Amino acid sequence: MREKLLILSVFIVASCGLAYELIAAALASYLMGDSVLQFSSIIGCYLFAMGIGSHLSKYVPEGRTLDRFIEIELLVGLIGGLSATLLFVVFAWAAAPFRSVLYALVFLTGTLVGMEIPLVMRVLNQRKTDFAELVSRVLTFDYMGALAVSLLFPLVLAPHLGLARSALLFGLVNVGIALLTTKIFRHELAHAKLHLLRGGVVALVLLGALLGADKLTKWSEKTLYGDEIIHAQTTPYQRLLITQWKNDTRLYINGNLQFSSRDEYRYHEALVHPVLEKLPQAKSVLVLGGGDGLAVREILKYQNIEHITLVDLDPAMTDLFTHNEKLVGFNQHSLSNPKVKIVNADAAQWIEQNLQVFDAIIIDFPDPSNFALGKLYSVPMYRLVKKHLSENGLMVVQSTSPLHAPRSYWCIDQTLKEVGLYTTPYHAFVPSFGEWGFILASNKPGYTPPTSYRVKTKFLDGETTRQMFFFPPDMQPVKVEANQLNNQSLVHYFEQDWSQVIR
């Protein structure tokens with residue numbers, strides 16, 4: 001019975017340890033962007049800290065291994081459990097020390113977790129367990145615990161509990177193991193009653209934090225964004241947050257502004273109408289991204305359009321903008337229109353597997369701030385998209401700012417040219433974003449901007465359109481390389497460009 005409990009504790013230790021690691025990395029990517037960098041650096045720091053912890057475990061006296069194991073479990077439960085909540089509060093209070101606090105917590109948690117497994121192995125070894133069986137059983141349950149959490153975290157915990165409550169839940173699990181170990185091994189412990197008292201106090205702290213986690217998270221995010229939060233949701237793919245201030249409703253994805261209801265019409269008119277006004281015979285449109293339905297709203301203004309296929313990765317996003325009473329007012333119920341087919345899938349995989357050809361393609365992906373998004377702006381991606389564009393069709397790509405991120409903008413232009421498309425760059429001023437860029441592309445040269453529009457617009461007319469296709473001296477092309485999948489130069493350009501703009 002006692003050996004089985006120790007083996008179970010290995011499973012729990014591995015599960016909780018990996019959970020804290022994933023939560024810290026996910027939280028960092030939500031708040032600071034560049035998920036690849038955040039996950040890579042945090043995992044590296046965590047594993048290094050575990051090595052330090054394993055080394056430090058040898059200094060625990062032989063007769064105190066169980067006592068130290070219980071104390072470490074309580075510390076891991078307390079620090080790891082409160083980590084996500086603390087990080088939310090720190091980021092909302094002052095973003096500057098956030099990175100230092102983040103890595104300090106990761107290092108401290110990793111060090112403590114690194115001490116746990118060696119201590120359990122020493123306890124088992126004291127019970128004359130065969131060495132080969134000891135190593136085999138401990139490592140087997142260690143890896144099994146890691147597998148369990150790696151599957152549960154993205155599929156169940158993050159979407160349904162959120163990061164703060166997930167961390168607190170695992171903290172309580174650590175405390176539970178400490179209390180159970182204390183109860184079963186109480187006659188072998190030097191301070192069994194003290195362990196129980198400490199465990200009770202830590203459990204009460206974590207339970208209190210669990211009950212107030214939502215309020216703390218909402219307070220942190222409200223402090224961070226400055227406006228009232230009317231919807232917050234963590235999905236398997238991203239953090240969706242909607243704020244309200246007077247008549248201004250804003251959508252943020254992983255902390256990045258996606259639209260403001262005050263001026264989104266400028267962006268979406270500029271995105272859609274220079275394409276569709278030049279295609280009076282078009283019947284089918286493909287929209288990649290754009291799960292808010294605002295681009296679809298503009299497309300539906302054209303009576304000649306019969307079919308719109310919207311491909312967006314996150315079903316939570318399209319569901320929100322299909323059914324939320326307030327949000328459907330912005331997109332005018334566009335996602336419920338019978339002309340619209342919603343496909344929740346990875347855009348790159350979908351276009352590779354689908355054979356349909358479209359008269360127009362609207363690409364409205366988030367900015368290429370990390371490698372996962374950067375692949376959607378790559379040569380292989382555009383080569384696939386080109387196959388879905390009809391001979392006389394037009395496509396457009398939202399392409400970040402030609403003023404603030406010139407290398408990023410012209411890299412997208414160069415990447416489209418690399419696959420044999422003819423490009424026509426243009427830009428529009430959107431107050432919430434500043435000067436914003438788009439690139440129109442076609443299989444044939446000779447595109448000319450519209451001089452008028454058949455549909456009702458609030459921003460576009462002949463003169464504003466003429467100005468959109470004129471680039472002043474401070475937005476002229478710069479020499480850049482195309483965005484290949486193997487080097488993702490666009491992501492590096494994007495990071496370099498915006499690092500000089502955002503403080």
Side-chain angles (χ1 to χ4, degrees), residues 26-27 29-31 33 35 153-163 217 221 225 227 229-244 248-261 264-265 267-268 271-272 285-300 308-337 339-351 354 361-370 372-377 381 397-398 400 432-433:
L27 184 59
S29 67
Y30 286 170
L31 298 177
S35 58
F153 178 74
L155 298 176
V156 179
L157 299 174
H160 298 291
L161 287 181
L163 299 182
T217 302
E221 291 182 322
Y225 295 102
D227 299 331
I229 296 170
I230 61 174
H231 180 85
Q233 181 179 5
T234 302
T235 79
Y237 308 103
Q238 56 202 355
R239 175 74 172 170
L240 302 176
L241 192 139
I242 298 173
T243 67
Q244 178 76 48
D248 185 14
T249 302
R250 298 187 171 207
L251 168 68
Y252 295 86
I253 296 180
N254 292 349
N256 299 311
L257 178 65
Q258 302 302 302
F259 75 75
S260 164
S261 61
E264 58 80 14
Y265 67 89
Y267 173 92
H268 291 101
L271 177 70
V272 170
V285 180
L286 172 64
V287 181
L288 300 177
D292 52 32
L294 298 172
V296 175
R297 177 197 66 202
E298 297 300 315
I299 297 169
L300 286 169
I308 303 171
T309 301
L310 170 71
V311 182
D312 190 279
L313 177 63
D314 195 346
M317 177 76 165
T318 51
D319 183 70
L320 183 63
F321 281 87
T322 301
H323 300 109
N324 184 282
E325 184 177 349
K326 184 177 185 64
L327 300 178
V328 296
F330 298 132
N331 64 28
Q332 297 174 11
H333 297 269
S334 63
L335 298 184
S336 300
N337 192 289
K339 292 183 179 182
V340 179
K341 177 185 178 183
I342 298 174
V343 179
N344 293 121
D346 180 275
Q349 294 178 9
W350 186 86
I351 62 170
N354 192 276
I361 299 177
I362 312 293
I363 301 180
D364 191 19
F365 292 133
D367 288 339
S369 57
N370 58 57
L373 291 169
K375 73 173 184 179
L376 301 175
Y377 293 79
M381 178 69 177
V397 182
Q398 91 78 12
T400 194
S432 295
F433 298 105

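Please read these numbers as outputs of a predicted model, since none were measured by experiment.
Atom-to-atom distance recorded for Lys375:NZ and Asn370:CG is 10.5 Å, nearest 0.5 angstrom. Residue Thr235 holds its OG1 atom at 5.5 Å from CG of Leu240, rounded to the nearest 0.5 Å. The distance from the NE2 atom of His231 to the OG1 atom of Thr249 is 13.0 Å, given to the nearest 0.5 Å. One distance of note links CD1 of Ile299 with NZ of Lys339; it measures 11.0 Å at 0.5 Å rounding. To the nearest 0.5 Å, atom OG1 of residue Thr322 and atom NE2 of residue His333 are 10.5 Å apart. Between Gln233 atom CD and Gln238 atom CD the span is 9.0 Å, to the nearest 0.5 Å.
When side chains are defined from C-beta on, Ile230 counts as touching Lys326, because their heavy atoms get closer than 4.5 Å. Between Ile362 and Val285, the closest side-chain pair of non-hydrogen atoms falls below 4.5 Å. For the pair Ile253/Met317, a side-chain contact is recorded, criterion being any heavy-atom separation below 4.5 Å from C-beta on.
Applying the side chain to side chain donor-acceptor pair (under 3.5 Å) rule to Asn344 yields the partners Thr318; only residues at least two apart in sequence or on another chain are considered. The side chain to side chain donor-acceptor pair (under 3.5 Å) test applied to His323 returns Asp319, not counting sequence neighbours. Qualifying side chain to side chain donor-acceptor pair (under 3.5 Å) partners for Lys341, counting only residues two or more places apart in sequence or in other chains: none.
Between Gln258 and Asp292, the side chains place no donor N or O within less than 3.5 Å of an acceptor N or O (distance only, hydrogens not considered). A donor-acceptor pair shorter than 3.5 Å can be found between the side chains of Asp364 and Tyr267.
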### Message
Assess the residue pair Trp350 and Thr309 against the criterion (side chain to side chain contact (heavy atoms under 4.5 Å, CB included)); give the C-alpha distance rounded to whole Å, side-chain angles, the decisive distance to 0.1 Å, and a yes or no.
### Response
CA-CA 11 Å; Trp350 186 86; Thr309 301; 4.0 Å; yes

### Candidate pair Leu241 and Ile229, rule side chain to side chain contact (heavy atoms under 4.5 Å, CB included), full reasoning
CA-CA 7 Å; Leu241 192 139; Ile229 296 170; 4.0 Å; yes

### Task
Evaluate the criterion side chain to side chain contact (heavy atoms under 4.5 Å, CB included) for residue pair Ile242 and Leu320; output intermediate values, then yes/no.
CA-CA 11 Å; Ile242 298 173; Leu320 183 63; 3.7 Å; yes

### Task
Decide side chain to side chain contact (heavy atoms under 4.5 Å, CB included) for Val272 and Arg297; before the verdict, give the C-alpha distance in whole Å, the side-chain angles of both, and the deciding distance to 0.1 Å.
CA-CA 10 Å; Val272 170; Arg297 177 197 66 202; over 6 Å; no

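No donor-acceptor pair under 3.5 Å is formed between the side chain of Asn337 and the backbone N or O of Leu300. Side chain of Asp367 to main chain of Ser369: no donor-acceptor pair is present (N/O by atom type, distance under 3.5 Å, no hydrogens or angles). Asp312 places a side-chain N or O within donor-acceptor distance of the main-chain N or O of Gly291, the cut-off being under 3.5 Å. With Arg250 contributing its side chain and Leu257 its backbone, the two residues share no donor-acceptor pair below 3.5 Å. Using modelled atom types, one side-chain atom of Gln398 and one backbone atom of Thr400 make a donor-acceptor pair closer than 3.5 Å.
When every heavy atom of Leu373 is checked against every heavy atom of Pro366, the shortest pair comes out as CD1-CB, 4.1 Å. The heavy-atom pair separating Ala345 from Val311 by the smallest distance is O-CG1, 3.7 Å. Nearest heavy-atom pair, Leu310 versus Gly290, reported as atom, atom and distance to 0.1 Å: CD1-O, 3.6 Å. Minimum heavy-atom separation, Ser334 to Gly293: OG-O, 2.7 Å. For Pro368 against Gly374, the heavy-atom pair with the smallest separation is CB-CA, 4.2 Å. Listed here is the closest heavy atom pair of Tyr377 and Phe365: OH-O, 3.2 Å.
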